[in-house]
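Chain A is the first sequence line, chain B the second, and so forth, proteins listed ahead of strands; every chain is numbered from 1.
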2 protein chains.
Amino acid sequence: MASAMPLPAATLTITEVAERTGLSRDTLRYYEKAGLIDAVGRSASGRRRYAAADLDWIDFALRLRDTGMSIADMQRFAELRRGGDSTTAERLAMLREHRAALTRRIRDLEANGRALDDKIDHYEGLLEDS
Amino acid sequence: MASAMPLPAATLTITEVAERTGLSRDTLRYYEKAGLIDAVGRSASGRRRYAAADLDWIDFALRLRDTGMSIADMQRFAELRRGGDSTTAERLAMLREHRAALTRRIRDLEANGRALDDKIDHYEGLLEDS
DNA sequence: GTTTGCGGTGGAGTGCACTCCAACTTCTAG
DNA sequence: CTAGAAGTTGGAGTGCACTCCACCGCAAAC
């Protein structure tokens, strides 16, 4: 059955991608419209057909999002990606900066976690005395 | 000059609290209006006078906020506080749950951080070969 | 072939957490 | 006493990241 087709056999519909990523179909379309996901391949009738490369990029973009990168910055990164090899250094710089911010964020969260633990200890003490 | 005044000597104006906490004056008023900060003492002419206890609570509320607690949940916690000792167990339960969520969040961020590191390594490899 | 339903588009609407504004009062410095 | 800075309130406006809607075309199942 394998033959020379325009699309590389295994592509997913928007609903399948939504299920795999946890994003809604609307959000997938919104991301694409925003230039955050490169234009996805279409079937003859104009329906989105997500390829493996699309899924890899979406997964990575979600890591950026989940670590607090704004849509605007993700757009910037996606734009650099479309710019090809000449933008590698700039993309690396963005990632390094984002990584550093993430490290600081984790450190702050851990400090706040310790303060929370103290407060929890305090409340536990109150309950024992009652 | 020390005398028997209704307010315990050392109180701060809204601008001073804004400077100390990094919140804007508008945000401090918004939090109070939302019931997130208990009604703050007022001067004879109706101006807010923040006492030490107010500052302590604001500091703690900011830790809740910075660790991702919603305004709605912070309102709930503040309401329990106003409910007095009988709400201690419920407040403790909220804090424990929030702490558990924070632990999960930190774990996820660390995993994403490792993925970011891998991506950064990849980009560094690309740059060396050029 | 028609019903059911998935997918497309453009654009409007939502929820959250602020942020700004207008109109007014009060405090402080000169 | 007066100018200007700082404070008050209620309510409107903002930015972000979605989320929903109406209406249309195409597809798949019966």
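Side-chain N/O atoms of A/Ser45 include one lying less than 4.0 angstrom from OP1 or OP2 on D/dA27. An OP1 or OP2 oxygen of D/dT9 is reached within less than 4.0 angstrom by a side-chain nitrogen or oxygen of B/Arg42.
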Distances under 3.5 Å only, N/O to N/O: pair up the protein atoms with those of nucleotides 15-17 of chain D.
unit_1, atom_1, unit_2, atom_2, d
D/dA17, OP1, A/Ile71, N, 3.4
D/dA17, OP2, A/Ile71, N, 3.4

Tabulate protein N/O versus nucleotide N/O from nucleotides 4-7 of chain C, keeping only pairs under 3.5 Å, one per line.
unit_1, atom_1, unit_2, atom_2, d
C/dC6, O2, A/Arg47, NH2, 2.8
C/dG7, OP1, A/Thr13, OG1, 3.3
C/dG7, OP1, A/Thr15, OG1, 3.4
C/dG7, OP2, A/Thr15, OG1, 2.0

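Taking atom CG of residue B/Leu36 and atom C1' of nucleotide C/dC18, one finds them 12 Å apart after rounding to whole Å. The interatomic distance linking A/Arg49 (CZ) with D/dC26 (P) rounds to 14 Å, in whole Å. Straight-line distance from the CG atom of A/Leu23 to the C1' atom of D/dC20: 17 Å, rounded to whole Å. Atom-to-atom, OH of B/Tyr50 to P of D/dG7 comes out at 10 Å; the value is rounded to the nearest Å. The distance from atom CG of A/Asp26 to atom P of C/dT14 is 15 Å, rounded to the nearest whole Å. We find that NZ of B/Lys33 is positioned 14 Å from P of C/dC18, with the value rounded to whole Å.
Within a 6.0 Å radius of CG in A/Asp85, other residues, nucleotides and ligands contribute 12 heavy atoms or fewer.
Residues forming a side chain to side chain contact (heavy atoms under 4.5 Å, CB included) with B/Ser86 (at least two apart in sequence, or on another chain): none. Evaluation of the salt bridge (Lys or Arg N to Asp or Glu O under 4.0 Å) rule for B/Asp59 yields no partner, not counting sequence neighbours. For B/Arg114, the side chain to side chain contact (heavy atoms under 4.5 Å, CB included) partners two or more places apart in sequence, or in a different chain, are B/Glu110, B/Ala111. Evaluation of the side chain to side chain contact (heavy atoms under 4.5 Å, CB included) rule for B/Arg81 yields B/Asp38, B/Trp57, B/Phe77, B/Arg91 as partners, not counting sequence neighbours. Not a single salt bridge (Lys or Arg N to Asp or Glu O under 4.0 Å) links A/Glu97 to another residue, sequence neighbours left out.
Taking both residues in full, the closest heavy atoms of B/Leu80 and B/Thr87 are given as O-OG1, 2.7 Å, listed atom of the first, atom of the second, then distance.
Sorted by first and then second residue, the salt bridge (Lys or Arg N to Asp or Glu O under 4.0 Å) pairs with a member in residues 11-25 of chain B form an empty list; sequence neighbours excluded.
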Kindly list each side-chain donor-acceptor pair under 3.5 angstrom involving residues 63-71 of chain A, sequence neighbours excluded, with atom names and distances?
unit_1, atom_1, unit_2, atom_2, d
A/Arg63, NH1, B/Asn112, OD1, 2.7
A/Arg65, NH1, A/Tyr31, OH, 3.4
A/Thr67, OG1, A/Arg63, O, 2.7
A/Thr67, OG1, A/Leu64, O, 2.9
A/Thr67, OG1, A/His98, NE2, 2.7
A/Ser70, OG, A/Asp73, N, 3.1

